[in-house]
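For reference, the structure is listed below as structure tokens.
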Amino acid sequence: MAALIGNAGACSAGRVQLGRRWLVGTDMNDRAEHPQVRTCVEPERTALILIDVINDMQVDGESERFARDALDAAHRIKALKSQAKAACIPVIYANDNFGQWRSDFAGVIRHCTADDAPGKPVSELLHPEDDDYFVLKPRHSGFFGTTLQILLRHLDRDTLILAGFAADVCVLFTAHDAYMREFGLFVPCDCVASVDAEANERALTLMSRVVKADIRPSDELKFEAVSGGPPTGFS
């Protein structure tokens, strides 16, 4: 996890607009015929996965810039989360434990919101709510060594919106694992961030081309509010 640089450029450089879909280096016909491509967000089959958004941002020599730049993305993630919850889409935090091996998620939150944590503003802004879910991940992917796949099966979800840090590491690894498990994917280009602008763009290009992710900006993802809500837990 390193400093974020110039992520706004990742949504514009090398991007092609085809109808309402934002693609990077991808053939539209190949996408349209692929069974995992989603042409719109369907709330009843979708979950929002927030990856490493509770974050201490302890990076050697880069913590201040990392925290400052991540805060921009965090505001867009917060808006995306509010929009998703209005559409009754469940929100799942897939979070690193940041070396807190004897801790639970509440302990990770305390660690990342401590007064001396550079990531405190971001972690407080994206603090989970009582009806959110969480999994603690030991490595880069939200699926590796976690209960995420079981939880998504319980919630009956086959489409994921991924957001968080960093696009070229943990978001990318999670996207690849989701694709191999046959999930449809949205990765809003303005709700992820990476070590630098080029790395961010390369990761988005790869996710669009290889795992068929829709990378349009978050303000183009329209959720239709539905009655009721997502499952609230295991019985």
Side-chain angles (χ1 to χ4, degrees), residues 1-5 7 10 24 36 47-60 62-63 66-67 69-70 73-74 77 80 91-105 107-109 111-112 117-119 122-123 126 128 132-153 157 159-215:
M1 304 292 288
L4 314 179
I5 303 173
N7 293 292
V24 178
Q36 287 174 241
L48 172 61
I49 313 296
L50 302 184
I51 300 168
D52 288 344
V53 299
I54 305 301
N55 199 312
D56 61 10
M57 300 185 183
Q58 295 283 359
V59 182
D60 291 343
E62 303 286 2
S63 293
F66 183 14
D69 293 341
I77 293 171
L80 175 64
V91 177
I92 304 170
Y93 286 70
N95 221 91
D96 197 282
N97 64 12
F98 298 103
Q100 307 298 302
W101 288 99
R102 291 190 174 93
S103 185
D104 56 12
F105 191 40
V108 172
I109 293 172
H111 168 74
C112 293
V122 170
S123 299
L126 296 175
D132 294 334
Y133 299 87
F134 72 89
V135 295
L136 283 176
K137 59 185 185 67
R139 299 299 297 270
H140 306 91
S141 171
F143 287 92
F144 181 81
T146 77
T147 58
L148 181 57
Q149 186 169 1
I150 296 172
L151 174 58
L152 291 168
R153 187 183 304 125
R157 306 287 149 161
T159 303
L160 307 179
I161 305 171
L162 305 183
F165 315 124
D168 62 335
V169 186
C170 295
V171 177
L172 179 63
F173 277 62
T174 302
H176 282 184
D177 279 1
Y179 178 75
M180 290 190 292
R181 290 163 173 79
E182 300 185 335
F183 288 94
L185 288 169
F186 293 86
V187 185
C189 60
D190 58 341
C191 290
V192 296
S194 299
V195 65
D196 58 36
E198 290 186 1
N200 205 70
E201 186 176 337
R202 285 195 300 269
L204 286 165
T205 300
L206 190 63
M207 286 186 278
S208 177
R209 179 174 61 85
V210 177
V211 305
K212 316 305 178 188
D214 185 319
I215 61 169

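Being a predicted model, the structure only gives us computed values, none of them experimental. For reference, positions follow the sequence shown, starting with 1.
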If you take all heavy atoms of A167 and A203, which pair is closest and at what distance?
O-CB, 3.5 Å
Check: F165 and V192 side chains under 4.5 Å, non-hydrogen atoms
no
Do I54 and H111 have side-chain heavy atoms sitting under 4.5 Å apart?
no
Separation between CD1 (I77) and CG (L48), nearest 0.5 Å, reads 9.0 Å
Give, for atom CZ of F134 and atom CG of L50, the distance between the pair rounded to the nearest 0.5 Å.
14.0 Å
Please report the shortest heavy-atom distance between G142 and A94, naming the atom on each side.
CA-CB, 4.3 Å
Exercise: identify the closest heavy-atom pair between L126 and A74
CD2-O, 3.6 Å
Less than 4.5 Å apart, side chain to side chain, heavy atoms only: is that true for D132 and Y93?
yes
Please report the C-alpha distance between V187 and V171 in whole Å, then the side-chain angles of each, then the deciding distance to 0.1 Å, and finally whether the side chain to side chain contact (heavy atoms under 4.5 Å, CB included) criterion is met.
CA-CA 9 Å; V187 185; V171 177; 4.1 Å; yes
Would you please name every residue forming a side chain to side chain contact (heavy atoms under 4.5 Å, CB included) with T174, sequence neighbours left out?
I51, S141, F143, L162
What's the separation between atom SG in C189 and atom CG in D214, rounded to the nearest 0.5 Å?
9.5 Å
At what distance, to the nearest 0.5 angstrom, does CD of E198 lie from OG1 of T205?
11.0 Å
According to side-chain hydrogen bond (donor to acceptor under 3.5 Å, both in side chains), who are the partners of T146, at least two apart in sequence or on a separate chain?
none
For the residue pair L206 and L172, establish whether any side-chain heavy-atom pair is separated by less than 4.5 Å.
yes
Would you check if P188 and L80 make a side-chain contact, meaning some heavy-atom pair closer than 4.5 Å?
yes
T159 and F183: side chain to side chain contact (heavy atoms under 4.5 Å, CB included), yes or no, with the steps?
CA-CA 5 Å; T159 303; F183 288 94; over 6 Å; no
Across all chains, not counting sequence neighbours, the side chain to side chain contact (heavy atoms under 4.5 Å, CB included) partners of A47 are I49, P90, I92, L152, R157, L160
Using side-chain heavy atoms (C-beta onward) and a distance below 4.5 Å, is L185 in contact with K212?
no
Could you grab the distance from atom CZ of F105 to atom SG of C112, nearest 0.5 Å is fine?
8.5 Å
With rounding to the nearest 0.5 angstrom, report the CZ to OG1 distance, R153 to T147.
11.0 Å
Would you call K137 and D52 a side-chain contact if the rule is heavy atoms closer than 4.5 Å?
yes
Is D96 paired with R139 through a side-chain N to carboxylate O contact shorter than 4.0 Å?
no
Going by heavy atoms in the side chains, are L204 and S208 under 4.5 Å from each other?
no
